[in-house]
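None of the values given here were measured: they were computed from a predicted structure.
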Number of protein chains: 2
Amino acid sequence: MEEKDIQSNVKQIFSSYLEKHSHRKTPERFAILEEIYSNPDHFDVDELYTKMKDKKYRVSRATLYNTIELLLDCNLIRRHQFGKNMSQFEASYGNKQHDHIIDVDTGKIVEFCDPRIQLIKNTIKEHFGVDVLHHSLNIFVRFPNKENSENSN
Amino acid sequence: MEEKDIQSNVKQIFSSYLEKHSHRKTPERFAILEEIYSNPDHFDVDELYTKMKDKKYRVSRATLYNTIELLLDCNLIRRHQFGKNMSQFEASYGNKQHDHIIDVDTGKIVEFCDPRIQLIKNTIKEHFGVDVLHHSLNIFVRFPNKENSENSN
DNA sequence: GTGTATGCAAACAATTTGCACGGAC
DNA sequence: GTCCGTGCAAATTGTTTGCATACAC
C-alpha cells in the first residue's frame, strides 16, 4: 500500500471512530495521527511532543496522552514496554503483528515474525478456554560482533 | 525442593555473591531476600515495602531498590513489565523460566511454559547471529466465562 | 577506624488531573 | 449557545540521588 493511501485510510478510520463514539474531530487529533503515520519508527510521548513542536503543529502533552488513548482504542497504534518505565508506541495500520528483538547495549529494536507464536496462542486459548486479545514477545540480545564490546564490568 | 531448603539455598547464593563482589552482608539485605522468598507471588516495590513495614523488618525504599538490583544481578529474582509503568518482580530460584498470561480484566497473572518459545529463540540466534540473553512473552487474555462481563463500552 | 550501606528527604521523570478558556457541534 | 477538548500548571506515582549517620569489615 502507498504511503499516501495509508495516511488517507487511517484518517478515515479515525474519523469514523470519533463519530461513532461522539468525540469531536479536532485539528489536534488529526495532526497527531498524521505525525505518527509520517514515520514508521517507534516513538515515546516526549519524542512525539518534540517532533511536533519543531514542526508545523504544536500540541500539549496532555492532548498527546489523551489522543494516544483514542488511537490505541481504535487499534491505529500499539503500545510497547521495552523494559524502561516508559511507554513506546508504533503505528499499526498496514503492517502485520510482529515481535521485537532489543539490543541491550544500544536499545535498538529489530522487528521479526515467527508463525510459531500463533501456535502458542492457539494452545493457550484451547487449554485455558480464554480469548487471547494480544501478546507481546520481546527478545533481548547482544550483538557479539561489535568493535567496542562496551565496558566489561 | 522444600521451602526450607530454598530459603537456605538462596541465602547461601546471595551470601557468596556479596562476598565475591565485596559487598557487605547487611541484615537488611537478607531480610529482603527472605521476605521475597517467603511468598511465590509477583510483587512490586511498594507491596514489598508495605509487607515488610507491617511485619518484622522495616527497610527504606532506597534500600529496597538497591537490594533488588543486586538480586537481579545474581539471578535470584526476575523483573517484569506487564504493561503498567511499574516494575514487578518474582523469586526465580527453584522454578524454571516461564511466561505469563495476564487477565486484562483483573490483572491476575497465570504462568505457563511452552517449549516452542525456545525454538523461536534458537532461530533468532541463528538468523541474526546474536546472543539471546533472555525474553519476555506476555499473553493478554479475557476469561469469557465470568458471571459479570464488566461494562461493555 | 574506614568506607560502604542505610534512612530520609529532595530531585526526577513519566503520566494524570484540575481548571479556565476556546472552538466543534 | 453547549459543553467537550485544549493548554497550562500543579499533583501523583515510581524511581533515583545526595547527604549525614550507622555499622560491616
Asks: Out of dA5(C), dT16(D), dC8(D), which has the shortest distance to the side chain of A62(A)?
Replies: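 Nearest to the side chain of A62(A) among the choices is dC8(D).
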Asks: Distance check needed: dT15(D) C1' versus I68(B) CD1, whole Å only.
Replies: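 It works out to 11 Å between those atoms.
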Asks: Indicate whether OP1 or OP2 belonging to dG14(D) is found under 4.0 Å from a side-chain N or O atom of S87(B).
Replies: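 False: S87(B) side-chain N/O out of range (4.0 Å or more) of dG14(D) OP1/OP2.
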Asks: Whole-Å distance between dT17(C) P and L64(A) CG?
Replies: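 Value for this atom pair: 16 Å.
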Asks: Please give me the minimum heavy-atom distance between H42(A) and H80(A), naming the atom from each residue.
Replies: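 Reported closest heavy-atom pair: CD2-CD2, 3.8 Å.
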Asks: Do N138(A) and D99(A) touch side chain to side chain, with heavy atoms closer than 4.5 Å?
Replies: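 Contact flag for N138(A)/D99(A) side chains = no.
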Asks: What integer distance in Å separates M86(A):CE from dT16(C):P?
Replies: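 Spelled out: CE on M86(A) to P on dT16(C) is 14 Å.
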Asks: Can you find an N or O donor on one side and an acceptor on the other, under 3.5 Å apart, linking the side chain of R58(A) with the base of dG7(D)?
Replies: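 Side chain to base: no pair present.
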Asks: For S22(B), which contact category applies under a 4.0 Å heavy-atom criterion: base, sugar-phosphate, or nothing?
Replies: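 Answer is nothing: S22(B) stays at 4.0 Å or more from every strand.
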Asks: Nearest nucleotide by nearest heavy atom, which residue falls closer to the 5' end of DNA chain D, Y57(A) or N85(B)?
Replies: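 By nearest-heavy-atom nucleotide position, the 5'-most residue is Y57(A).
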Asks: Does the plane of the ring in H21(A) sit parallel, tilted or perpendicular to the ring in Y17(A)? Use 30° and 60° as the thresholds.
Replies: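 If you compare the ring of H21(A) with that of Y17(A), the planes turn out tilted.
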Asks: Scan N66(A) against the nucleic acid and name what it touches under 4.0 Å (heavy atoms): base, sugar-phosphate only, or nothing.
Replies: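 Sugar-phosphate contact only.
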Asks: Tell me the interatomic distance from R29(B), atom CZ, to dG7(C), atom P, rounded to whole angstroms.
Replies: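 The answer, rounded to whole Å, is 11 Å.
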Asks: Starting from C1' on dG5(D), measure out to CD1 on I32(A) and report it in whole angstrom.
Replies: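 From I32(A) CD1 to dG5(D) C1': 11 Å.
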Asks: Going through the checks in order, is the salt bridge (charged side-chain N to carboxylate O under 4.0 Å, His left out) test met by R142(B) and D105(B)?
Replies: CA-CA 7 Å; R142(B) 173 165 279 145; D105(B) 292 320; 3.0 Å; yes
Asks: How many Å lie between CZ on R79(B) and P on dG14(D), as a whole number?
Replies: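 Spelled out: CZ on R79(B) to P on dG14(D) is 15 Å.
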Asks: Using atom NE2 of H21(A) as one end and atom C1' of dC25(C) as the other, report the distance to the nearest whole Å.
Replies: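 Going from H21(A) (NE2) to dC25(C) (C1'), I get 18 Å.
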Asks: Check this for me, if you would: do E69(A) and R79(A) make a salt bridge, where the nitrogen-to-carboxylate-oxygen distance has to be below 4.0 angstrom?
Replies: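 Salt bridge present between E69(A) and R79(A).
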Asks: Starting at atom CD of Q81(B), determine the distance to atom C1' of dT15(D), rounded to an integer number of angstrom.
Replies: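 From Q81(B) CD to dT15(D) C1': 12 Å.
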Asks: Side chain of R61(B) only, please: which of dT15(D), dG7(D), dG5(D) is the nearest?
Replies: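 Per side-chain heavy atoms of R61(B), the pick is dT15(D).
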Asks: Which nucleotide in the list dG7(D), dT15(D), dA5(C) gets nearest to the side chain of T26(B)?
Replies: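 Per side-chain heavy atoms of T26(B), the pick is dA5(C).
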Asks: Between dT15(C), dT6(C), dG14(D), which nucleotide has the shortest distance from any of its atoms to the side chain of Y65(A)?
Replies: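 The nucleotide sitting nearest to the side chain is dT15(C).
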Asks: With nearest nucleotides of DNA chain C determined for R24(A) and S60(B) from heavy-atom distances, which residue corresponds to the more 5′ nucleotide?
Replies: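 That would be S60(B).
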